[in-house]
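Scroll down for the structure; my scribbles are underneath it.
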2 protein chains.
Amino acid sequence: MLYTIGDVSEKTGLPAPTLRYYDKEGLLPFVNRGNGGIRKFQDTDLEWLRMIECLKASGLQIKDIKRYIDLTVQGDSTIEERRKMFYKQIERVKRDMWALQNTLDMLTYKCWLYDTAAALGSVEAVKEIPLGEMPENIRKLKEKIAKTHCSSFRKCGEGSGK
Amino acid sequence: MLYTIGDVSEKTGLPAPTLRYYDKEGLLPFVNRGNGGIRKFQDTDLEWLRMIECLKASGLQIKDIKRYIDLTVQGDSTIEERRKMFYKQIERVKRDMWALQNTLDMLTYKCWLYDTAAALGSVEAVKEIPLGEMPENIRKLKEKIAKTHCSSFRKCGEGSGK
DNA sequence: TCTTGCGTTAAAGTGAACTTTAAAACAAGA
DNA sequence: TCTTGTTTTAAAGTTCACTTTAACGCAAGA
């Protein structure tokens with residue numbers, strides 16, 4: 001089964017110019033061309049695109065993804081480097097998830113705050129509520145947020161470099 | 001306790017020019033100035049910066065964060081809009097975490113694949129292993145990844161706009 | 001008093017990942 | 001064959017969030 005760039009765009013949700021951009025950056029060396037120079041995508045190419053999206057979601061830049069593609073093209077001699085790359089990305093994604101969980105804690109607390117402020121008519125009134133009168137889950141959330149405090153700056157879950 | 005921009009930079013890990021940039025973009029309307037025009041940060045300002053970092057981590061752009069700051073400055077009449085904003089961000093962060101979990105699944109599978117390829121000496125050899133001979137957790141992972149397949153394109157956990 | 005090291009600003013530059021434009025070639029149906 | 005819609009390319013433009021530069025001012029210690 002062969003697909004044009006328009007088909008692939010529709011299937012993946014990626015704009016056709018983005019697919020061409022990926023190709024230009026060397027991310028799609030396996031995509032064949034018809035005799036008029038028109039790209040002919042296969043189902044395996046869609047798999048590659050899924051992998052590319054996954055690596056992007058894990059925080060890799062285009063040039064890092066190209067590096068992976070290049071390694072793959074080189075074959076079995078690069079297994080070890082690719083293996084290391086995936087282990088590294090796992091660590092990064094775990095850090096990102098931890099950071100997102102902290103963010104979620106903060107947002108959840110704020111939702112309670114604004115729910116209560118909406119009910120009381122003022123934000124100040126909420127800030128005057130003693131810890132003892134807050135719902136227990138909110139109190140625990142506050143404590144957790146306070147603990148994370150120190151580590152929340154000094155970017156623990158960031159960094160786009162290698 | 002008052003801090004210079006250098007102190008705050010050190011405490012937060014944010015470069016001083018970044019703090020000035022935030023200020024210029026209207027994210028720090030509450031920071032006072034000394035008579036030489038020098039910024040005097042307070043502990044409450046550090047709290048604001050934490051909140052800004054949190055909102056950034058939740059996927060808001062600078063201009064959206066400014067909107068939140070502006071609403072806060074306007075006072076209690078904007079409680080409802082702020083409340084809605086936080087609920088919306090919670091939904092977004094949950095989607096992002098779900099997407100990261102899928103990414104993690106894929107990376108975990110790939111780690112197994114390259115571990116095994118390293119042991120066998122070739123990637124092809126791994127691809128020939130029948131499902132029945134894979135470790136159960138890997139088999140389950142593969143199934144989960146296959147299910148996610150369809151939804152993995154058509155960006156379920158992205159979009160930076162409103 | 002002079003130097004050093006902070007602070008200030010406006011403005012220009014950067015890097016990443018697209019996105020848009022323009023001009024031309026192709027492919028399929030009437 | 002002609003038309004219409006899709007494809008091709010190179011190149012320029014866009015957006016975001018900084019980052020760097022340049023020129024200048026204040027304040028404390030030698």
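Keep in mind that this is a model prediction, so the values were computed, not measured.
- At D:dT19, one or more side-chain N or O atoms of B:Thr18 fall inside 4.0 Å of OP1 or OP2 (strictly under the cut-off).
- Considering only residues two or more places apart in sequence or on other chains, A:Phe30 meets the side chain to side chain contact (heavy atoms under 4.5 Å, CB included) condition with A:Leu28, A:Asp45, A:Trp48, A:Ile69.
- Residues passing the side chain to side chain contact (heavy atoms under 4.5 Å, CB included) test with B:Asn137 are B:Pro135, sequence neighbours excluded.
- Comparing A:Asn35 and A:Pro15 by the nucleotide of DNA chain C that holds the closest heavy atom to each, the one mapping nearer the 5' end is A:Pro15.
- Atom CG of B:Leu27 is separated from atom C1' of D:dC16 by 14 Å (rounded to the nearest Å).
- Following rounding to the nearest Å, A:Leu2 (CG) and D:dT7 (C1') show an atom-to-atom distance of 16 Å.
- Separating the CG atom of B:Leu19 from the P atom of D:dT20 is a distance of 14 Å, rounded to the nearest angstrom.
- Atom-to-atom, CD of A:Gln61 to C1' of D:dC16 comes out at 14 Å; the value is rounded to the nearest Å.
- In this structure, CD of A:Glu25 is placed 13 Å from C1' of D:dA10, rounded to the nearest angstrom.
- To the nearest angstrom, P of C:dA17 lies 6 Å from OH of A:Tyr21.
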Using a cutoff of under 3.5 Å, can you pull out all pairs of nitrogen or oxygen atoms linking the protein to nucleotides 4-11 of chain C, with atom names and distances?
from	atom 1	to	atom 2	distance (Å)
C:dG7	OP1	B:Thr4	OG1	3.1
C:dG7	OP1	B:Gly6	N	2.6
C:dT8	OP1	B:Arg39	N	3.1
C:dT8	OP1	B:Arg39	NH1	2.7
C:dT8	OP2	B:Arg20	NE	2.8
C:dT8	OP2	B:Arg20	NH2	2.9
C:dT8	OP2	B:Arg39	NH1	3.3
C:dT9	OP1	B:Arg33	NH1	3.2
C:dT9	OP1	B:Arg33	NH2	3.2
C:dT9	OP2	B:Arg39	NH1	3.3
C:dT9	OP2	B:Arg39	NH2	2.8

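- Salt bridge annotation for A:Arg92-A:Asp96: absent, with no cationic side-chain nitrogen under 4.0 angstrom from a carboxylate oxygen.
- By the side chain to side chain contact (heavy atoms under 4.5 Å, CB included) test, A:Lys142 pairs with A:Tyr109, A:Leu131, A:Met134, sequence neighbours left out.
- Taking 4.0 angstrom as the limit, A:Tyr22 places a side-chain polar atom (N or O) nearer than this to OP1 or OP2 of C:dC18.
- Contact annotation for B:Lys40: no contact, since no heavy-atom pair falls under 4.0 Å across all strands.
- B:Gln101 meets the side chain to side chain contact (heavy atoms under 4.5 Å, CB included) test with A:Met97, B:Leu104, B:Asp105, B:Lys144; sequence neighbours excluded.
- The separation between A:Tyr3 atom OH and D:dT7 atom C1' is 19 Å, rounded to whole Å.
- Taking atom NZ of residue A:Lys63 and atom C1' of nucleotide C:dC18, one finds them 15 Å apart after rounding to whole Å.
- Identified under the ring pair (Phe, Tyr, Trp, His ring centres under 6.0 Å) test for residues 53-87 of chain A, with sequence neighbours left out: A:Tyr68-A:Phe86, A:Phe86-B:Tyr114.
- Under a 4.0 Å N-O distance rule, the pair A:Arg95/A:Glu91 does not qualify as a salt bridge.
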